[in-house]
Protein chains: 2
Amino acid sequence: MEKLDNVIFYNLEKAVKSYRQFAQANCLKAGVEITIDQWLVLKTIGEYPDITQHQLAGRIFKDVASVTRMIELLVTKDLLFRKSHAEDRRRFTLTLSDKGRKVLELMRPISLSNRRQALEGVTETELQTVQQVLQKILHNVSKEVDEKTV
Amino acid sequence: MEKLDNVIFYNLEKAVKSYRQFAQANCLKAGVEITIDQWLVLKTIGEYPDITQHQLAGRIFKDVASVTRMIELLVTKDLLFRKSHAEDRRRFTLTLSDKGRKVLELMRPISLSNRRQALEGVTETELQTVQQVLQKILHNVSKEVDEKTV
DNA sequence: TTGTATTTATTGATACATCAATTATATTTG
DNA sequence: CAAATATAATTGATGTATCAATAAATACAA
């Protein structure tokens, strides 16, 4: 009773994991030595040059602790520079290195192709429905405002 | 250009992660000291008493190495027994302990309620669309049969 | 302005993911 | 049957997730 195959959350996880493996494999094939997660960090820093690690974590839905460690890695891989922020000494300024920028360029066509391949045969309408459902789920599981404010 | 918010795979990951946190928090609230992943293992063993670790891994889309370690944990937590298989000495027979069965019973209503809450406002039709799309994605990203068999 | 709270980030501990290499047992094939 | 192959599981190495505790700097309130 209640086969896992019918539980949407298992299928969601399955699809997400499979896509990740697929995407990761395609990066390697293209000779880019980076994990999808590391790429996400680089990409986000590229888009938001003055972002804090905290905001970064939120944007890629990761833990701040994870982000700290990923940044360390990216720095030792010479993809990223980190220097103390000029105006707020609690923060750090994160800057892509040349190598980091190069990786991002290499990745752009790959990630586009990954998505295109993965979504082959999926219609625009279907996509919209999926997005709607995901929004609803997100809304439902996000910490509700405490209603004990009677 | 190409905001992450519009990329379905980010939203998928986001939804999956959020649901996991939600589900995990609800377990803790109910006093069940187990991770969702450990629960998945127990549940699957309950449903397939003679399963191999390899099959188990496939069923919950995890790595065999992860499964090995999770089983070790579950054994030390006294939720699971493991003894060498009678007919095939490469294998192990995995058996739920009383404590393990009790945890599964405690979890049943919780997981049902988790899903119900998370899917509030989502119609049956929408769900079906999502399932279809997930199937398509899975199909697209799964290793294609090598077509160089010319 | 001193004390308190908040924000930014790190660190330690534990759990899980993934890949590659290895061990042990079974199965197949010559 | 012996050799080659396949299967079941473990182990090591590296990367990520999550929680809790901490440190340092900044903001805010009395």
Side-chain angles (χ1 to χ4, degrees), chain A residues 13-14 16-25 27-29 33-42 45 50-77 79-80 82-94, chain B residues 13-14 16-29 33-42 45 48 50-77 79-80 82-94:
Chain A
E13 290 216 10
K14 194 171 184 175
V16 164
K17 285 201 181 178
S18 303
Y19 176 71
R20 276 208 157 236
Q21 289 188 333
F22 169 76
Q24 185 70 63
C27 295
L28 284 183
K29 264 185 225 160
E33 297 243 329
I34 195 176
T35 69
I36 301 286
D37 286 314
Q38 292 169 3
W39 169 69
L40 253 179
V41 170
L42 286 188
I45 292 173
D50 198 44
I51 201 169
T52 68
Q53 295 183 192
H54 187 265
Q55 292 166 333
L56 174 53
R59 205 160 259 288
I60 61 181
F61 26 96
K62 291 189 184 305
D63 196 273
V64 283
S66 299
V67 167
T68 293
R69 282 150 185 155
M70 293 175 77
I71 286 177
E72 278 172 12
L73 253 174
L74 290 169
V75 169
T76 67
K77 279 177 126 185
L79 296 167
L80 198 63
R82 175 166 66 166
K83 61 167 192 276
S84 167
H85 190 95
E87 290 152 32
D88 186 338
R89 275 183 295 176
R90 291 170 300 185
R91 298 184 43 185
F92 293 94
T93 298
L94 304 168
Chain B
E13 290 215 11
K14 195 171 184 175
V16 163
K17 284 200 183 178
S18 304
Y19 176 71
R20 274 207 158 238
Q21 289 187 332
F22 169 75
Q24 184 69 63
N26 288 339
C27 294
L28 283 183
K29 265 185 225 160
E33 297 241 329
I34 195 174
T35 69
I36 301 286
D37 286 315
Q38 291 169 4
W39 168 70
L40 253 179
V41 170
L42 287 188
I45 292 173
Y48 304 89
D50 198 45
I51 201 171
T52 69
Q53 295 183 192
H54 188 265
Q55 293 167 332
L56 174 53
R59 204 158 262 287
I60 60 182
F61 26 96
K62 291 190 184 303
D63 196 272
V64 283
S66 300
V67 167
T68 295
R69 282 149 186 155
M70 294 175 74
I71 285 177
E72 278 172 13
L73 253 173
L74 290 169
V75 169
T76 67
K77 279 177 125 184
L79 295 168
L80 198 62
R82 176 166 66 165
K83 59 169 192 278
S84 167
H85 190 94
E87 289 151 32
D88 187 339
R89 274 183 297 176
R90 291 170 301 184
R91 299 184 42 185
F92 293 93
T93 299
L94 305 168

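Order of the sequence lines sets the chain letters (A, B, ...), proteins ahead of strands, with each chain counted from 1.
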By side-chain contact (heavy atoms from CB on, under 4.5 Å), B:R82 pairs with (sequence neighbours left out) B:Q53, B:I71, B:E72, B:V75, B:F92, B:L94
What pairs with A:T35 under side-chain contact (heavy atoms from CB on, under 4.5 Å), at least two apart in sequence or on another chain? A:Q24, A:D37, A:Q38
Quick one: do A:E13 and B:R20 make a salt bridge, cutoff under 4.0 Å? yes
Can you list everything that forms a side chain to side chain donor-acceptor pair (under 3.5 Å) with A:K83? Sequence neighbours excluded, please. none
How close do B:D50 and B:R91 get, heavy atom to heavy atom, and via which atoms? O-NH2, 2.8 Å
According to salt bridge (Lys or Arg N to Asp or Glu O under 4.0 Å), who are the partners of B:D63, at least two apart in sequence or on a separate chain? none
When every non-hydrogen atom of B:M70 is compared with those of B:V41, the smallest separation belongs to CE-CG2, 3.7 Å
B:I45 vs B:L74, test: side chain to side chain contact (heavy atoms under 4.5 Å, CB included). Steps then yes/no. CA-CA 12 Å; B:I45 292 173; B:L74 290 169; 5.7 Å; no
Could you run down the sub-3.5 Å N/O contacts of the protein with nucleotides 10-16 of chain D?
from: D:dT10; atom 1: OP1; to: B:R82; atom 2: NH1; distance (Å): 2.3
from: D:dT10; atom 1: OP2; to: B:Q53; atom 2: NE2; distance (Å): 2.6
from: D:dT10; atom 1: OP2; to: B:T68; atom 2: OG1; distance (Å): 2.6
from: D:dG12; atom 1: N7; to: B:R69; atom 2: NH2; distance (Å): 2.6
from: D:dG12; atom 1: O6; to: B:R69; atom 2: NH1; distance (Å): 3.4
from: D:dG12; atom 1: O6; to: B:R69; atom 2: NH2; distance (Å): 3.3
from: D:dA13; atom 1: N6; to: B:R69; atom 2: NH1; distance (Å): 3.4
from: D:dT16; atom 1: OP1; to: A:T35; atom 2: OG1; distance (Å): 2.7

How would you give the extent of chain A contacts on DNA chain C, as first and last nucleotide 5' to 3' within a 4.0 Å heavy-atom cut-off? C:dT7 to C:dA17
Helix axis bend for the helix from C:dT1-D:dA30 to C:dG30-D:dC1 - C1'-based end axes, five pairs, 10° rounding: 10°
Hits for salt bridge (Lys or Arg N to Asp or Glu O under 4.0 Å) against A:R90, two or more places apart or cross-chain, chain-then-number order -> A:D88
Closest-nucleotide ordering on DNA chain C, the 5'-leading residue of A:R20 and A:Q55: A:Q55
Find every protein N or O atom lying less than 3.5 Å from an N or O atom of nucleotides 24-29 of chain D, and list the pairs.
from: D:dT26; atom 1: OP1; to: A:R89; atom 2: N; distance (Å): 3.2

Of all heavy-atom pairs linking B:H85 and B:E87, the shortest is CD2-N, 3.1 Å
Who passes side-chain contact (heavy atoms from CB on, under 4.5 Å) against B:H54, sequence neighbours left out? B:T52, B:V64
Are side-chain heavy atoms of B:Y48 and B:Q55 found at a separation under 4.5 Å? no
